[in-house]
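What follows is a set of notes on a single structure, which appears directly below.
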Amino acid sequence: MGEMEETCEGFSPLISNMVASDAPLFTRLPTNSNGYVAATTRDLWNCLLDEGYKADVCVHTDNGGVIHAHTGVLGGTSPVLKNMLTQSKVRPRSISIHGVPHQAVRAFIRYLYSSCYEHKEMDEFSLHLLVLSHVFVISSLKKACSHRFEMGLLTDDNVVDVFQMAHLCDAPRLRLICHRLIVKNFKVISTTDGWRAMKHSRPQLEKELLESLIEADSRKQERLKKIKEKKIYLRLSEAMEALVHICKDGCRTIGPHDQVLKGNGVPCDFPACKGLEMLIRHFAGCKARVAGGCTHCKRMSQLLELHSRICATSDVCKVPLCRHFKKKLKHQHQTKKDERRWKLLVSRVLAAKHTAVASVFPSAIAVVST
């Protein structure tokens, strides 16, 4: 160390003056939006670390590794390191960082000097750097590690390990990202070594993930159910429009008695029309309808009643039984449960009509005719 203190070979006069000065020069350097300082500043501080000029602290790592550094830099960037250096009684000061590879510690200390990291080192030692940033309270490095994982370092093989480390290192965003990936790719991830190890060492985390998986599956089923219901209501809405179209204008083979159908007309714009025509023909001629034993006729009767509840022009409406169902509603008492059910159906069919997208459902009547 004495020889190192007496020479300044390989350094610019600027560095020599910085190190020789008593001013608090070893402070955190501001970085730009990409997490890098200017190239000249970065090179200057990296050179100070690499050459170890006037280094006054030794950082001992695994396998006998030693990194020479400066108290002002370490203590000025990390309150934990500052406390360790204050308690060190030996000269030069000495601290130990074990449990992580030597190169990971060196990459960590290099970040303390220049606020920079090499992508190759970050990719290789990302988990170690995350731990070091948490232990020594370097929030900017913790954020950088989390960002690198988020931008591509996470895989099905390492996500469980990263999830556990994010939990231990208080990295909530990284933990959430890992959590979502595990739930999304659970079938594959649950077969990895990381999952099996966590299952034995951290059963509470396994329980948390399984509960989230069940909850996510429940939400998915609920979404699918709502989508299916929306399609049904949209088909019913189309069926209502097709019913009015058939009874008012006529189409293909069925129409008002006072109009003549065109045998070679253009294809109908109502997707539900063909199926509804078949259902109307069956309803008109079914002998089992009177006895109430025909399922198709019951469906047709329900469609007619639904139309009657929606129709605002029953006095002039040409749809069969429209006025009949209106009168029936006034004089026939229904249970509150049945009335709520009809009101809910009417409101949802009307809502589906107003929010319908430009999609075509060729089998629109299939739900109510089978």
Side-chain angles (χ1 to χ4, degrees), residues 225-330 332 334 338-339 341-370:
K225 180 181 177 182
K226 289 182 178 180
I227 292 173
K228 184 177 180 180
E229 289 179 350
K230 186 176 180 180
K231 288 182 178 180
I232 292 175
Y233 296 132
L234 184 58
R235 289 168 182 170
L236 284 173
S237 175
E238 292 177 346
M240 295 297 99
E241 293 181 351
L243 183 61
V244 173
H245 157 68
I246 291 171
C247 298
K248 180 182 178 183
D249 306 319
C251 188
R252 294 192 178 99
T253 61
I254 295 180
H257 62 83
D258 56 349
Q259 292 189 28
V260 178
L261 299 179
K262 297 178 181 179
N264 57 351
V266 295
C268 182
D269 293 331
F270 293 87
C273 193
K274 184 176 181 180
L276 194 55
E277 280 191 358
M278 295 173 61
L279 194 57
I280 292 173
R281 282 188 174 279
H282 170 83
F283 182 77
C286 180
K287 296 180 180 180
R289 172 170 60 86
V290 178
C294 179
T295 302
H296 296 300
C297 288
K298 288 181 179 178
R299 295 297 185 193
M300 187 66 220
S301 179
Q302 290 172 347
L303 282 176
L304 291 172
E305 182 172 353
L306 178 60
H307 162 79
S308 177
R309 288 174 176 269
I310 293 175
C311 183
T313 59
S314 298
D315 294 338
V316 295
C317 183
K318 292 187 177 183
V319 175
L321 304 179
C322 182
R323 287 185 295 276
H324 166 75
F325 280 112
K326 286 286 188 183
K327 292 178 181 179
K328 182 180 176 181
L329 289 175
K330 292 180 180 179
Q332 182 180 2
Q334 285 189 320
D338 288 340
E339 188 61 27
R341 186 179 300 166
W342 273 109
K343 286 182 178 180
L344 180 62
L345 179 60
V346 169
S347 66
R348 290 186 175 178
V349 170
L350 291 174
K353 179 181 178 180
H354 294 147
T355 59
V357 294
S359 299
V360 177
F361 296 92
S363 56
I365 200 62
V367 175
V368 294
S369 63
T370 58

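- Between K248 and V319, the closest side-chain pair of non-hydrogen atoms is not below 4.5 Å.
- Between the NE2 atom of H282 and the CZ atom of R299 there is a distance of 12.5 Å, given to the nearest 0.5 Å.
- Rounded to the nearest 0.5 angstrom, M300 CE and C286 SG are separated by 12.5 Å.
- Counting only heavy atoms from C-beta outward, the side chains of K231 and I227 approach each other to under 4.5 Å.
- Of the inter-residue distances, the one linking R281 atom CZ with M278 atom CE reads 10.0 Å to the nearest 0.5 angstrom.
- Judged as a salt bridge (Lys or Arg N to Asp or Glu O under 4.0 Å), and not counting sequence neighbours, the contacts of R309 are E305, E339.
- A heavy-atom distance below 4.5 Å is found between the side chains of S301 and F325.
- Note on residues 230-251: pairs passing ring-ring contact (aromatic ring centres under 6.0 Å, His included), not counting sequence neighbours, are H245-F270.
- Annotation: the span from L304 atom CG to C297 atom SG amounts to 10.5 Å, rounded to 0.5 Å.
- Here the closest non-hydrogen pair linking C311 and K326 is O-NZ, 3.0 Å.
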Discussion item. Quick one, M240 with L303, criterion side-chain contact (heavy atoms from CB on, under 4.5 Å). Give me CA distance, side-chain angles, the key distance, then yes/no.
Written reply: CA-CA 8 Å; M240 295 297 99; L303 282 176; 3.6 Å; yes
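- The side-chain heavy atoms of H307 and C317, taken from C-beta on, include a pair separated by under 4.5 Å.
- Residues passing the side chain to side chain donor-acceptor pair (under 3.5 Å) test with D315: none are found, sequence neighbours excluded.
- Every residue meeting the side chain to side chain contact (heavy atoms under 4.5 Å, CB included) condition with S347, not counting sequence neighbours, appears here in chain and number order: L344.
- Remark: K230 NZ to I232 CD1 distance equals 13.5 Å, nearest 0.5 Å.
- Interatomic distance, K343 NZ to D338 CG, rounded to the nearest 0.5 Å: 12.5 Å.
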